[in-house]
Amino acid sequence: MNKSNKAIHPFFLVKKPATTANPVPTPASASLTRIVADSSKRAAPTSSSASKKQKSSDSGDSNYALSPNKQHNQSWQHALKPYVANPEQFGPEVVVDVSREVVVIVDKYPKARLHFLALPRVHECPADIRGLTNLHLPLLGSLQDAFVRIQETRPNMKLRAGFHSVPSMAHLHLHIISEDLISPSLKNKRHYNSFATSFFRPLNQVIAEINEFGRIQIGTEEECEALLKIPLVCYKCQKNMKNIPELKKHLETEQS
DNA sequence: GTTCTAGAAC
DNA sequence: GTTCTAGAAC
Ligand SMILES: Nc1ncnc2c1ncn2[C@@H]1O[C@H](COP(=O)(O)O)[C@@H](O)[C@H]1O
């Protein structure tokens, strides 16, 4: 069927971008069988075919890459803007690191014991990772630097840095999050899977793909969002969890 | 993104 | 009857 894509650890599951004919798993084939703990579904969807969506080539609209239902038109989608516009108006409990290029804040609804967002201050910034190109490599470097600073000042916590494949909030933001995924604000499958499947795109992989291909290798928004609905599996021991309460109880036991 | 809650699932 | 999920929100 498919090559053993067995996840040692879903966080670090690497889908090598195909250079030749690309056997992209389609939602249709994926729905043929529902295999428990099917690791193939945890792989990142990549699309080799041309995008179904047409992007209006060079409008200045940062929504250009987003499908109509994902465009940032609701007021709640702009809640991150004040941090970038006026970082000095927030206390050190909220804004934890500021550089010329990046503001790092504490996530208001943390999905783990530590959860930060690194926000680029430049406004020439794509709405999401689909818009990233070589031009943004310096910015990605600044985000990486911010991540390193945050990690170095919290040596007791293993942190991960990455983007959501399809963001809900406007303004490009890098998640910097501890691996435990233990938090009262983690309340549903979507929350969990957005950090425990390849819906989460590690920063180092994003940088590597842009270096190699000039942009990231990623499936459609629909393919990526399908990852949010797959069965719950513990990121650490791979056990299937029947629901969110069971998962949350289990995650506590994974913490040594 | 969150909150709230109807009704599905147990 | 209680737990849990998932969709509406103007
Ligand atoms: N007002 C806010 N202040 C800070 N963080 C927020 C606020 N509203 C939402 N968030 C976080 O923003 C992140 C947006 O994630 P996403 O768009 O899925 O990449 C989530 O982790 C939210 O918890």
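Labels below follow one simple rule: chain letters A, B, ... track the order of the sequence lines, proteins then strands, and each chain is numbered from 1.
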Distance-only polar pair, side chains of A/H250 and A/E246, donor-acceptor under 3.5 Å: no
With a non-hydrogen cut-off below 4.0 angstrom, is A/L80 in contact with a base, only sugar-phosphate, or nothing? nothing
Compare all side-chain heavy atoms of A/K81 with those of A/V84 and state whether any distance is below 4.5 angstrom. no
Would you kindly give the CD-to-P distance between A/Q77 and C/dC10, to the nearest whole Å? 16 Å
Have a look at A/K242 and say if it touches a base, only the backbone sugar-phosphate, or nothing, with a 4.0 Å heavy-atom cut-off. nothing
Phosphate OP1/OP2 of B/dT2: any A/H191 side-chain N/O under 4.0 Å: yes
Spacing between A/D128 atom CG and B/dG1 atom P, to the nearest angstrom: 14 Å
Mate of C/dC10 where both pairing distances stay under 3.5 Å, Watson-Crick or G-U: none
Between A/M241 (CE) and C/dT5 (P), how many Å, whole number? 13 Å
Verify the contact: side-chain N or O of A/R190 to OP1 or OP2 of B/dG1, cut-off strictly under 4.0 Å; return yes or no. yes
With a 4.0 Å cut-off on heavy atoms, is A/H78 in touch with a base, just the backbone sugar-phosphate, or nothing at all? nothing
Whole-Å distance separating the CH2 atom of A/W76 from the P atom of B/dG1: 7 Å
Is it the case that A/H72 and A/H78 place a side-chain donor and acceptor less than 3.5 Å from each other? no
Do the rings of A/H164 and A/F200 sit parallel, tilted or perpendicular, given the 30° and 60° boundaries? perpendicular
Tell me whether the side-chain N/O atoms of A/K81 come closer than 4.0 Å to OP1 or OP2 in B/dG1. no
From CD of A/Q74 over to P of B/dT3, roughly how many Å is that when rounded to an integer? 17 Å
Whole-Å distance between B/dG1 P and A/I177 CD1? 12 Å
note: A/Y109, atom OH; B/dC4, atom C1'; distance rounded to Å ~ 14 Å
Counting only Watson-Crick or G-U wobble pairs whose two distances fall under 3.5 Å, which nucleotide matches B/dG1? none
Separation of atom CG in A/N188 from atom C1' in B/dG1, rounded to whole Å: 11 Å
What I'd like to find out is whether the side chain of A/I244 reaches to under 4.5 Å of the side chain of A/K187, using heavy atoms alone. no
For A/K187, which contact category applies under a 4.0 Å heavy-atom criterion: base, sugar-phosphate, or nothing? sugar-phosphate
